[in-house]
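Working notes, structure below.
So you know, we letter chains A, B, ... as the sequences are listed, proteins then strands, and number each from 1. Keep in mind the model is a prediction, meaning the values are calculated, not measured.
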4 protein chains.
Amino acid sequence: MREERRGELLATAAEVFAAQGYNATTVRQIADAAGMLAGSLYYHFASKEAMVDEILTAFLDELWAGYDAVLAAGLGPRETIEALVTESFREIDRHHAAVAIYQKEARHLADRHPRFGYLADARRRFARAWLGTLERGVADGVFRTDLDIRLTYRFVRDTVWVAASWYRPGARHSPEEIARQYLSMVLDGIALRD
Amino acid sequence: MREERRGELLATAAEVFAAQGYNATTVRQIADAAGMLAGSLYYHFASKEAMVDEILTAFLDELWAGYDAVLAAGLGPRETIEALVTESFREIDRHHAAVAIYQKEARHLADRHPRFGYLADARRRFARAWLGTLERGVADGVFRTDLDIRLTYRFVRDTVWVAASWYRPGARHSPEEIARQYLSMVLDGIALRD
Amino acid sequence: MREERRGELLATAAEVFAAQGYNATTVRQIADAAGMLAGSLYYHFASKEAMVDEILTAFLDELWAGYDAVLAAGLGPRETIEALVTESFREIDRHHAAVAIYQKEARHLADRHPRFGYLADARRRFARAWLGTLERGVADGVFRTDLDIRLTYRFVRDTVWVAASWYRPGARHSPEEIARQYLSMVLDGIALRD
Amino acid sequence: MREERRGELLATAAEVFAAQGYNATTVRQIADAAGMLAGSLYYHFASKEAMVDEILTAFLDELWAGYDAVLAAGLGPRETIEALVTESFREIDRHHAAVAIYQKEARHLADRHPRFGYLADARRRFARAWLGTLERGVADGVFRTDLDIRLTYRFVRDTVWVAASWYRPGARHSPEEIARQYLSMVLDGIALRD
DNA sequence: GATGAATGAGGATTCATTCAT
DNA sequence: GATGAATGAATCCTCATTCAT
């Protein structure tokens, strides 16, 4: 069916984009990886840009579905952070190529074409979700009060998402296990308590 | 003097590379930013590749000078980590463009041309410095023993370097202050102790 | 019936060719206008070229049938010109798309492929019909003698055919009425004064 | 000098566009005719579109300079028509390629890109200049009253401009001589008989 | 008769690089 | 040291055409 083929092609394209970077990837490389000629891709997609667009949109849609479920669950701040981190690692597991692309190219794409305006929106929505939870946690006395909250936000956010650059699905640890260890480090630190 | 001009041009180039990505930056954009024509750059540099090369080499040379001094100082594991992190934020402050380029392009460049083999070396040398210290700390009972050490390494490493993507010199916090807060989070976590 | 479908498709194609130009028209645009997919057209026609070919051939065949009848009628030069002009406007009315295509593309197509040699033939045959009649009129003292006859020929010819570029069937004036007015302008100019 | 080279290249491009049509002309053909490689043209011009744009703009600017001088001269309707026609043939003589391009491509270009909006403007301005003069002539009793004035307008306009499709500079007749004969044909047709 | 998917030959455009002046 | 002009390879994309189903 049409949709299946598109999906396969997008998965292939995402892999190549993630490995080489969007700009450095040629349409021909994608086509080679898909076993067709470069021109043939244009039967399925309007442009190279349309391909990343679809890849990123699909990923963000799924991500927000997960995040929204967490945020709507009425958990405490610490539990919310735990759930968001776990959900994030699950997304990295399922969409690792899309996540890597998002990490490397989002800024560049966003200020290159209005079509990618939703990437800037996503950035803002992220900030609201994480920052809001952190602030709530500080107010509730669950998180430390002596830290710059924006620094903390960036620390937590980047720490999680950067993992997409080295994580490969099927690796030693499951996403849940990685999430558990990351959370342990972020929440309690790596220094041994006395 | 000849050397000064080169230095200015490299600083300009680094800024543009960092802002737009190496591939997406055209030689003409660099020339524009430097107030000359594209062809004129070739009086100073052999190629676009030679420019990134010099930028990254200069940065890494300085970085290793700092790291080596720390590693040779005979500090304990925790103090070594603290010193490496502080040194890293100082480099981000002084060479933020070069650091950003290194973060975004190192893998890609290393794959692409043997000339950039030293980037892969640097990666390995990093791993040795950080991982070694962490292992020493675990052995000494300074760091937790219940964590996957490679995960911890990546966590600490990424946590620091990713900052280059948003850090701008002259910002609210000094590099030392940022280092202090990061270390506090990494070592002790963000959760409030009871 | 097979022939009817072909005819409809050709009419559609002619409309699109006339509106956008032969080169600028894609097979897909024709197919869209006909409510089918691009590939499906190839069941009916061998190629895009074959389509224009058939469109132009059909038009020219009909045109020559009309012209030949006029030329065989043994009219005087003035009456022959009147009849040719009237016949021409009738063709513009019935085949306005084909006429527009002929006007815009004939030279280009004739240069490009021997298959369109008949377009150059048509040009020569036109010249013979009109020029011959004009020369006869000059000799008979019906038309002015002080004009360059080739210039006159082009004037009359262009004057008529260029109308295809703006004429739309079903407009205010019937083709006969337009012919009458055009003839009035043209003839009272080139006709010898008393 | 820079401007001279551009001018030469534009003249070359205009010739090729006129001969083959804008769409059917490849950038390589222009480059071949100019004795350079296709890519080299882009040092001088931003795009193929920019080339036609400049060609048409230069032509129209000159044309309107001539027309405006005529229209401002305060001549009677008949003399105005004579002057406009003569001016037009002079433009055809000097810019025959640009005129041919304008004739064949104006409509197509105008509704393809807003950049060519000035072509539609030109069309309207033409209509005002010619139609206005004709109406004045009808009112003054200089031109016939029994003709559809819009038909007359198209007749005069097309009759003149279509000449660009066959006129080659340096031909048997000077532009002034052609204008004289055309006017003789046209005027003695539409002028009121005594 | 028609569809969906692909082919493959261009075509416009970009850009690092060269080099005479 | 810098400029202007050009090169040529690579890139994205278009489109007529084919063909199995």
Side-chain angles (χ1 to χ4, degrees), chain A residues 1-6 8-9 22-31 34-51, chain B residues 1-2 5-6 9 22-31 34-52, chain C residues 1-2 5-6 9 22-31 34-52, chain D residues 1-6 8-9 22-31 34-51:
Chain A
M1 207 203 303
R2 191 185 224 116
E3 280 315 307
E4 278 177 36
R5 189 74 177 112
R6 280 175 69 85
E8 284 167 33
L9 293 172
Y22 173 72
N23 272 302
T25 298
T26 72
V27 167
R28 216 189 130 216
Q29 288 171 325
I30 300 172
M36 53 175 27
L37 291 179
S40 308
L41 283 173
Y42 289 81
Y43 177 77
H44 301 278
F45 306 100
S47 64
K48 185 181 161 187
E49 229 176 51
M51 291 186 227
Chain B
M1 208 200 305
R2 181 160 301 177
R5 190 77 177 109
R6 279 177 70 85
L9 292 173
Y22 172 72
N23 271 300
T25 298
T26 72
V27 169
R28 218 191 128 208
Q29 287 172 325
I30 300 171
M36 53 174 34
L37 292 183
S40 310
L41 281 173
Y42 287 80
Y43 178 82
H44 301 278
F45 305 99
S47 65
K48 186 181 164 188
E49 237 176 42
M51 291 185 229
V52 230
Chain C
M1 208 200 307
R2 180 162 300 178
R5 190 77 177 108
R6 280 177 69 84
L9 291 173
Y22 173 71
N23 271 300
T25 298
T26 72
V27 168
R28 218 191 129 209
Q29 288 171 324
I30 300 172
M36 53 175 33
L37 292 182
S40 309
L41 280 174
Y42 287 80
Y43 178 82
H44 301 278
F45 305 100
S47 66
K48 186 181 164 187
E49 237 176 41
M51 291 185 229
V52 228
Chain D
M1 208 202 302
R2 193 183 223 116
E3 280 314 308
E4 278 176 37
R5 189 76 177 108
R6 280 176 70 83
E8 282 167 33
L9 291 173
Y22 173 72
N23 272 302
T25 298
T26 72
V27 167
R28 217 189 129 216
Q29 288 172 325
I30 299 172
M36 54 175 25
L37 292 179
S40 308
L41 282 173
Y42 288 80
Y43 178 78
H44 301 277
F45 306 99
S47 65
K48 185 181 160 188
E49 230 176 50
M51 292 186 226

Take the protein atom [atom1] of [X] and the nucleotide atom [atom2] of [N], then report the distance between them rounded to whole Å.
X: A/Gln29; N: F/dA10; atom1: CD; atom2: P; answer: 12 Å
X: D/Glu4; N: F/dA5; atom1: CD; atom2: P; answer: 11 Å
X: D/Phe45; N: F/dA5; atom1: CZ; atom2: P; answer: 11 Å

What is the minimum heavy-atom distance between [X] and [Y], and which atoms define it?
X: D/Tyr42; Y: D/Lys48; result: OH-N, 4.3 Å
X: B/Ala31; Y: B/Leu37; result: CB-C, 3.6 Å
X: D/Ala24; Y: C/Asn23; result: CB-ND2, 3.6 Å
X: D/Leu41; Y: D/Met51; result: CD1-CE, 4.0 Å
X: B/His44; Y: B/Met36; result: NE2-CE, 4.2 Å

Report the nucleotide, chosen from [options], that has the shortest atom-to-atom distance to any side-chain atom of [X].
X: B/Met36; options: E/dA2, E/dA5, F/dT3; answer: F/dT3
X: B/Leu37; options: F/dG4, E/dA6, F/dA6; answer: F/dG4
X: B/Tyr43; options: E/dA2, E/dT7, F/dG1; answer: F/dG1

Check: Taking only side-chain nitrogens and oxygens of B/Arg5, does any of them come within less than 4.0 Å of OP1 or OP2 of F/dA2?
Finding: yes
Next item on the list: Determine: side-chain N/O of D/His44 to OP1/OP2 of F/dG4, distance under 4.0 Å, yes or no.
Entry: no
Next item on the list: Using a 4.0 Å cut-off on protein heavy atoms (strictly under), produce a 5'-to-3' string for nucleotides 15-21 of chain F with B for base contact, S for backbone-only sugar-phosphate contact, and - for none.
Entry: SSBB---
Item checked: Stems involving DNA chain F, each a run of at least 3 consecutive Watson-Crick or G-U pairs under 3.5 Å -> E:2-21 with F:2-21
Notebook entry, point to check: Can you check whether B/Leu9 reaches B/Arg5 side chain to side chain, under 4.5 Å on heavy atoms?
Noted result: yes
Item checked: Earlier contact from the 5' end, DNA chain F, for D/Leu9 and B/Gly35 -> B/Gly35
